[in-house]
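All of these numbers come straight from a predicted model, not from anything done at the bench. Numbers here are sequence positions counted from 1. Order of listing sets the numbers, starting from 1, for every ligand and every atom in it.
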Amino acid sequence: MSFDLILFGGTGDLAWRKIMPALFQAFRHGSLPSDGRIVGVARDDLSDDQYRSLIKSRFDQVELDKRPSEEEFSRFSALLGFLRMDLSNPADYARLAAKLQQRRADVVVMYVATAPSLFTVVCEQIGASGLNGPQTRVVLEKPLGHDLASNRAINETVRSVLTEKQIFRIDHYLGKPAVQNLFALRFGNSLFEPLWRREHIANIQITIAEELGVEKRGAFYDSTGALRDMVQNHALQLLCAMGMEPPINSHADAIRDEKLKVLRSLKPWTPETLSQHVIRGQYGGGSINGEALPAYRDEKGVNPESTTETFVALRTEISNWRWAGVPFYIRTGKRLANRDAYIEVNFRPTPHAIFKLPLTNCNVANRLVINLQPKDGLELHLLAQNANQRHGRGTPTLAPVQLDLDFDKRFGAERVGAYERLLLDVIDGRLNLFVRSDEQEEAWRWVEPILDAWSNDATGPRPYASGTWGPSASSAMIARDNYCWSEEG
Ligand code: BG6
């Protein structure tokens, strides 16, 4: 199979940080179809060779084990080319069309890794210049809009020139091996399914904690915030994967139909739940691993009086028969104590106790922890009798033990990273791990009341020190249900 991958934003951050390294890994693993061309597109005036040198120099900044050797790069770079384009100029699309005509590849991938403001322009031009034939697939990066109306406007334009099957909306969390394992755990095994419901599960907690601050994206982040950047997409996709019904088959629409139902079943917000169940925070100065760090408001590109949130914790419920009354908690933020992403399923206690249990509300007997990163695996926490202990006369006390599955160890050598997986899926035309427009719109519909409530609330986000787990109000929120956030750190 032959493919042409046209990378709009070919000299941008995303191109060299994520997309090129992922394409190179696919090339190194032998999974990238060999008859391929990768054409970087930008306004810069570069020859093919200059573009190759630029990409080569950028590879010096990626992780060591993902960098190509000289010999590998010279083979990989044979695929690379460059096309100078002004993305609003129709004549430039005619030049692109001529380039594509040279060989009429089986698949043409248009990867739009530009500023979001250009998405609609690029898609309109793709349509106007007749580049939207059935062999074309368009990849759109988040953020797709900043609220429901702008998201709809983008989706409408894109759908006016392409069919839904040609549109690949990336949520890179879905490409993470750990998230695919979550689908495998739920729908490839029968063990947990009978327990996966309100009768057995007390609560579910989704944590995506980052140590990093806003890095070089201060200006972008300041107009975005954690709710739009992480909750509307990544966290809600994880919640869907946890809460959805088993799909009827593994086809993209079967999976996406079930995720959509979860989003539609999320409990609507009321003024009361908005004020009690949603906490926003903003990092102040502090230190992580001994390094002194600036406050968010002192970051480059950030308004010194910014009220943008860098932390969100919230509680919601899925209103259906399986989940009614079970709290789902989400917490995500920048400059937290650790880089750690995991989902914790807390099971209900035994109905009657014959043992002494070393338990509190914060330390339940049975927990399933799905580690997403940096660890990738599963921990099943149980209680056991330590036979070495003398029992004495009283009621025996049980000790916590855990089963620990490390997927990095088990599958290490063959692991395929998120962007690599997603790029290969685009080339193969597999939509399973991409987001459909109705899912995206439903997620925006659900977060919008939070955005509205915040814009009418002058108190702003609560401060927290860098290197902590966010504002204390986040722990207070969950404590009102008599639960605690899973172990911190
Ligand atoms: C991106 C956000 O979608 O995800 C970033 O825009 C965030 O702000 C990143 O840092 C986190 O991704 P990962 O894969 O490092 O957890």
(Q) Is there a polar contact, in the sense of an N or O pair closer than 3.5 Å, between Arg217 and ligand 1? (A) yes
Atoms of ligand 1 under 4.0 Å from any heavy atom of Lys176, numbered from 1 in the order shown, are 13 (P), 14 (O), 16 (O)
Under 4.0 Å from one or more heavy atoms of Gln373, ligand 1 contributes atoms 13 (P), 16 (O)
Atoms of ligand 1 under 4.0 Å from any heavy atom of Asp229, numbered from 1 in the order shown, are 2 (C), 5 (C), 6 (O), 8 (O)
shortest atom 16 (O) of ligand 1-to-protein heavy-atom contact is with Tyr173 OH, 2.4 Å
- Query: Hey, does Tyr221 sit under 4.0 Å from ligand 1 if you only count heavy atoms?
  - Reply: no
Ligand 1 to Glu210, heavy atom cutoff 4.0 Å, flagged ligand atoms 7 (C), 10 (O), 11 (C)
Fill in: Basic-acidic side-chain contact under 4.0 Å: Asp481, Arg315
yes
Practice problem: Please check if the distance between the ring centroids of Phe59 and Trp16 is under 6.0 Å. | Solution: no
Per salt bridge (Lys or Arg N to Asp or Glu O under 4.0 Å), Arg169 is matched among Glu439, Glu141, Glu164 by Glu164
message: Any carboxylate oxygen within less than 4.0 angstrom of a Lys/Arg side-chain nitrogen, looking at Arg256 and Asp438?
response: no
Point to revise | Ionic contact status for Arg445 with Glu448, cut-off 4.0 Å | key: no
Note: ligand 1 atoms sitting under 4.0 Å from heavy atoms of His172 are 1 (C), 3 (O), 4 (O), 12 (O), 13 (P), 14 (O)
Lys334 heavy atoms within 4.0 Å reach ligand 1 at atoms 5 (C), 7 (C), 8 (O), 10 (O)
Please work out which of the three classes, parallel, tilted or perpendicular, describes the rings of Trp446 and Trp269, given edges at 30° and 60°. tilted
Are the aromatic rings of Tyr283 and Phe311 close, with centres under 6.0 Å apart?
no
